[in-house]
Structures are given as structure tokens and as C-alpha cells.
Amino acid sequence: MVRERKAMLVRVSGRVQGVSFRIWTRREAERLGVTGWVRNERDGSVAAMIVGSDAALANMVERLWMGPAAASVVSVETEPVALQDPVQGFQITG
């Protein structure tokens, strides 16, 4: 049985840069079996593309609201996107 994988773009705002948010995100994604990428944005937010099952994506978004201990998350915006190519692993980019 093949589990259906979906993709979602996420933007996390608040105190999310300079607090190891990207490293923490990669660790959480790997723990949950989510693939994709995460990067800092010029406006101070963190953007990510996460790919996985519905349950894994829901769990990842819930974790992003928490963030690492030094973070202070104000908003997590999500947008479903079409999954074009298979994504392997979880990368920190930009």
C-alpha cells in the first residue's frame, strides 16, 4: 500500500531567526518522516516546503507553532501546493 504524499508551503513568523529554528525544523521533519526544505526569508520569517502524509503534515504544522525553546512563533501560514517531483530528505537552504 502506497501512502499518498502531499506538499505544503509554510511561512512561520515571529522570533524565528537566530534561534536555530531551521536546524530544529529539520530534526522535527526527519523525526516525523517529512521531506522538503526550510530557509530564512529576508522579512525575518522562515519558509518551508513540507511533503508527507496528511497526518505527518498536520503534526509538522503543530510542531512549527511550538518551535525551539528560544523561538516565539506569532503565526504559521500554510498553503497546499502541487507536488511536482519526489523530494528526498529535508534540506536547510538559503
Chemist: Give, for atom CD of Q17 and atom CG of D43, the distance between the pair rounded to the nearest 0.5 Å.
Modeler: 7.5 Å
Chemist: Within this structure, what is the CD1-CZ distance for the pair I92 and F21, rounded to the nearest 0.5 Å?
Modeler: 12.0 Å
Chemist: Nearest 0.5 Å please: distance from the CG atom of L64 over to the OG1 atom of T25.
Modeler: 5.5 Å
Chemist: State whether the number of non-hydrogen atoms from other residues, nucleotides or ligands found under 6.0 Å of E62 atom CD is greater than 12.
Modeler: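 Open.
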Chemist: For residues I23 and V76: do they belong to one hydrophobic cluster (side chain heavy atoms under 4.5 Å, members Ile, Leu, Val, Met, Phe, Trp, Tyr)?
Modeler: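 Same cluster.
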Chemist: Hey, quick one: are W65 and V19 part of the same hydrophobic cluster, counting side-chain heavy atoms closer than 4.5 Å, chains of contacts allowed?
Modeler: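 Linked within one cluster.
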Chemist: To check you understand the geometry: which heavy-atom pair defines the closest contact between F90 and E30, and what is its length?
Modeler: O-OE2, 4.3 Å
Chemist: Could you pull out the closest heavy-atom pair between R11 and S45, with the gap in Å?
Modeler: NH1-OG, 2.7 Å
Chemist: Between atom CZ of R27 and atom CZ of R22, what is the distance when rounded to the nearest 0.5 Å?
Modeler: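 Spacing of CZ (R27) from CZ (R22) equals 13.0 Å.
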Chemist: With rounding to the nearest 0.5 Å, note down the distance linking OG in S53 to CE in M60.
Modeler: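 So the OG of S53 and the CE of M60 are separated by 12.5 Å.
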Chemist: So which heavy atom on A47 is nearest to which on W37, and how close?
Modeler: O-CZ3, 3.7 Å
Chemist: Give me the atom names and distance for the closest heavy-atom approach of K6 to L57.
Modeler: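 Reported closest heavy-atom pair: O-CD1, 3.6 Å.
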Chemist: Between V38 and V46, is any pair of side-chain heavy atoms under 4.5 Å apart?
Modeler: yes
Chemist: Let's go through E28 and R26 carefully: what are the C-alpha distance in whole Å and the side-chain angles of both, what is the deciding distance for salt bridge (charged side-chain N to carboxylate O under 4.0 Å, His left out) to 0.1 Å, and is it a yes or a no?
Modeler: CA-CA 6 Å; E28 290 300 309; R26 180 176 60 192; over 6 Å; no
Chemist: Is there a donor-acceptor pair under 3.5 Å between the side chain of R15 and the backbone N or O of A70?
Modeler: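 Flag set: sc R15 to bb A70 pair under 3.5 Å.
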Chemist: Please answer: with hydrophobic residues joined when any side-chain heavy atoms are less than 4.5 Å apart, are L83 and L9 in the same cluster?
Modeler: yes
Chemist: To the nearest 0.5 Å, tell me how far L32 CG sits from T35 OG1.
Modeler: 12.0 Å
Chemist: Restricting to non-hydrogen atoms, name the atom on G14 and the atom on V74 that form the minimum distance, rounded to 0.1 Å.
Modeler: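 Heavy atoms of G14 and V74 come nearest at CA-CG2, 3.7 Å.
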Chemist: Search all heavy atoms of M8 against all heavy atoms of V81 and return the closest pair with its distance.
Modeler: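 Minimum heavy-atom separation between M8 and V81: N-CG2, 4.0 Å.
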